[in-house]
2 protein chains.
Amino acid sequence: MAMIETVTESLGIGEVADRTGLSVHALRFYEREGLLIGPVHRTAGGRRRYSPTDVDWLGICVRLRESGMPLAELKRFAELVRQGPGNEPERLRLLDAHQHRVEDQIRALEECRSIIAVKVGVYAEHVARGTAAGLWDPTATEG
Amino acid sequence: MAMIETVTESLGIGEVADRTGLSVHALRFYEREGLLIGPVHRTAGGRRRYSPTDVDWLGICVRLRESGMPLAELKRFAELVRQGPGNEPERLRLLDAHQHRVEDQIRALEECRSIIAVKVGVYAEHVARGTAAGLWDPTATEG
DNA sequence: CTACGAGCTAGAGGCGGGTCTAGATCAAGC
DNA sequence: GCTTGATCTAGACCCGCCTCTAGCTCGTAG
């Protein structure tokens, strides 16, 4: 959950790794996979220099990944962006669909949470009063 | 999100698959991996018959998995249950820790959602008024 | 000038979590 | 008895997503 501070200068790969939470390996991998919105600049010596826009985009990537967007879809989005203006409706559809999935996911997690909470409550009570029998004992009936 | 109806008779693997949402392959795989709380009964002919307790447990497994518990931890929990009464405090710790992770996850997802919502809003507005320039255009400045 | 860490490429490797295959067996209906 | 579909085992395979290795270069500090 690292906050990604906005940056005005170009950054080396290590700095970008620090700011985005991605490893340098992952950054190079993402680039190979075509997940970036344009070629990363290089120094004379061949080192990558990430622009603020690159870093900004990577920040979004991290959020989309964290919320379960597969790399393939991220790649598709990056392609749309790379194609330039004109396909915004499709980008919107993609983001919007993902947003719905995130909401479904949150609902599912909340349901899981409450089911787990019940189990936790049962265990907590039994443990508290030392009467820890009759729950998930494969040789007994479930409580 | 299939509701798992409570059952009073033993079931074959296909029926369990239907009820839990796990594939028959996954059910056998889980068993091999020691994720069940006891040996599954077999018919004379060697087919598995899952007791209501088994099905119940699998239902919990599904929820724990859905909410991100790794198989290794599920296995650990199953081991504790298999050992029988006496280790309830440890089971409780395990469940409780997982519950906290689920809550963190929900919070993280909510944060992602709101960040995505901002992007969606920006795109929606631009698309609605046809002025879809200046956003994530790698050749321009970001909006 | 030298040393040393950070970065480079291409490609292999690994891990989690299943999924699928082959070839055999079981069980129910015709 | 025969067919058909579900199940069995052991083990190979796959996919997503990185992570690591080898062997080299860059660039900064002493």
Side-chain angles (χ1 to χ4, degrees), chain A residues 2 9-36 39-51 54-55 58 60-79 98 101 105 108 112, chain B residues 2 9-36 39-51 54-55 58-78 98 101 105 108 112:
Chain A
E9 297 286 323
S10 84
L11 297 173
I13 196 168
E15 295 162 315
V16 175
D18 289 348
R19 273 160 182 80
T20 60
L22 295 165
S23 70
V24 297
H25 295 297
L27 283 168
R28 293 193 280 245
F29 169 71
Y30 277 24
E31 185 178 337
R32 279 210 294 278
E33 293 295 295
L35 266 50
L36 302 194
V40 177
H41 292 156
R42 301 293 185 119
T43 65
R47 270 95 201 278
R48 292 172 177 82
R49 297 305 303 184
Y50 293 83
S51 73
D54 292 331
V55 176
L58 281 166
I60 287 284
C61 287
V62 166
R63 292 311 186 150
L64 292 173
R65 288 284 307 123
E66 265 180 27
S67 52
M69 183 181 284
L71 290 189
E73 195 162 338
L74 208 39
K75 179 175 180 175
R76 174 78 190 125
F77 191 25
E79 274 162 4
H98 183 62
R101 285 198 305 263
Q105 228 187 125
C112 292
Chain B
E9 297 287 322
S10 83
L11 298 173
I13 196 169
E15 296 162 314
V16 175
D18 288 348
R19 273 158 182 83
T20 59
L22 296 165
S23 71
V24 295
H25 294 297
L27 282 169
R28 292 193 280 245
F29 169 71
Y30 278 24
E31 185 177 338
R32 279 210 295 280
E33 294 295 295
L35 268 48
L36 303 194
V40 177
H41 292 157
R42 301 292 185 119
T43 65
R47 271 94 201 279
R48 293 170 177 83
R49 298 304 303 185
Y50 293 84
S51 73
D54 293 331
V55 176
L58 282 166
I60 286 284
C61 288
V62 167
R63 293 309 187 153
L64 292 173
R65 287 286 304 124
E66 266 180 26
S67 51
M69 183 181 284
L71 291 189
E73 194 163 338
L74 208 38
K75 179 174 181 175
R76 174 78 190 127
F77 191 26
H98 182 62
R101 285 197 306 262
Q105 229 188 124
C112 292

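Worth knowing before you read on, the calculation uses all heavy atoms, side chains too, and leaves out hydrogens, waters and symmetry mates.
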Item to complete: Using whole Å, report how far CD of Glu15(B) lies from C1' of dG5(D).
Response: 14 Å
Discussion item. Without decimals, in angstroms, what is the distance between Glu66(B) CD and dG18(C) C1'?
Written reply: 16 Å
Discussion item. With a cut-off of less than 4.0 Å, is there a side-chain N or O of Thr43(A) near OP1 or OP2 of dG27(D)?
Written reply: yes
Item to complete: Please tell me which of Met69(B) and Gly45(B) maps to the more 5' nucleotide of DNA chain C, matching each residue to the nucleotide holding its nearest heavy atom.
Response: Met69(B)
Worksheet item: What's the closest nucleotide to the Arg42(B) side chain, out of dC8(D), dA10(D), dG18(C)?
Response: dC8(D)
Worksheet item: Looking only at side-chain N and O atoms, does Arg28(B) come under 4.0 Å of OP1 or OP2 in dA6(D)?
Response: no
Discussion item. Without decimals, in angstroms, what is the distance between Lys75(A) NZ and dC15(D) P?
Written reply: 15 Å
Worksheet entry | Interatomic distance where CZ belongs to Phe29(A) and C1' belongs to dC20(D) [whole Å] | 13 Å
Worksheet, complete the sentence: Rounded to whole Å, the CG-C1' distance (Leu64(B) to dG17(C)) equals 16 Å
Item to complete: Can you figure out which of dG17(C), dC18(D), dG7(C) approaches the side chain of Leu71(A) most closely?
Response: dC18(D)
Worksheet item: For Arg47(A) and dT9(C), is the shortest distance between a side-chain N/O and OP1 or OP2 below 4.0 Å?
Response: no
Item to complete: Ignoring backbone atoms, test whether Arg48(B) places a side-chain nitrogen or oxygen under 4.0 Å from the OP1 or OP2 oxygen of dC8(D).
Response: yes
Discussion item. For Glu79(A), is there an ion pair with Arg76(A) - N to carboxylate O distance below 4.0 angstrom?
Written reply: yes
Item to complete: Round to a whole Å and report the spacing from CG of Leu74(B) to P of dG18(C).
Response: 10 Å
Worksheet entry | Residue pair Ser51(A) / His41(A), side-chain donor-acceptor N/O under 3.5 Å | no
Worksheet item: Atom CD1 of Ile13(B) and atom C1' of dT25(C): how far apart are they, to the nearest Å?
Response: 15 Å
Worksheet item: Which one, dT21(D), dT7(D), dC20(C), comes nearest to the side chain of His25(A)?
Response: dT21(D)
Worksheet item: Is there a donor-acceptor contact under 3.5 Å from the side chain of Glu33(B) to the main chain of Lys75(B)?
Response: no
Discussion item. If the cut-off is 4.0 Å, is Tyr30(A) near the phosphate of dC18(D), judged by side-chain N/O to OP1 or OP2?
Written reply: yes
Worksheet item: Would you find a donor on one side and an acceptor on the other, under 3.5 Å apart, between the side chain of Glu73(A) and the backbone of Pro70(A)?
Response: no
Worksheet item: For the side chain of Arg49(A) and the backbone of Ser10(A), is there at least one donor-acceptor N/O pair under 3.5 Å apart?
Response: yes
Worksheet item: On DNA chain D, nearest-nucleotide positions of Gly46(A) versus Gly12(B): which is more 5'?
Response: Gly12(B)
Practice prompt. Measure the distance from CZ on Arg49(A) to P on dA6(C) and round it to the nearest whole Å.
Written response: 15 Å
Worksheet item: Does a nitrogen or oxygen in the side chain of Arg65(A) sit under 4.0 Å from OP1 or OP2 of dC18(D)?
Response: yes
Worksheet entry | Closest-nucleotide ordering on DNA chain C, the 5'-leading residue of Ala44(B) and Gly68(B) | Gly68(B)
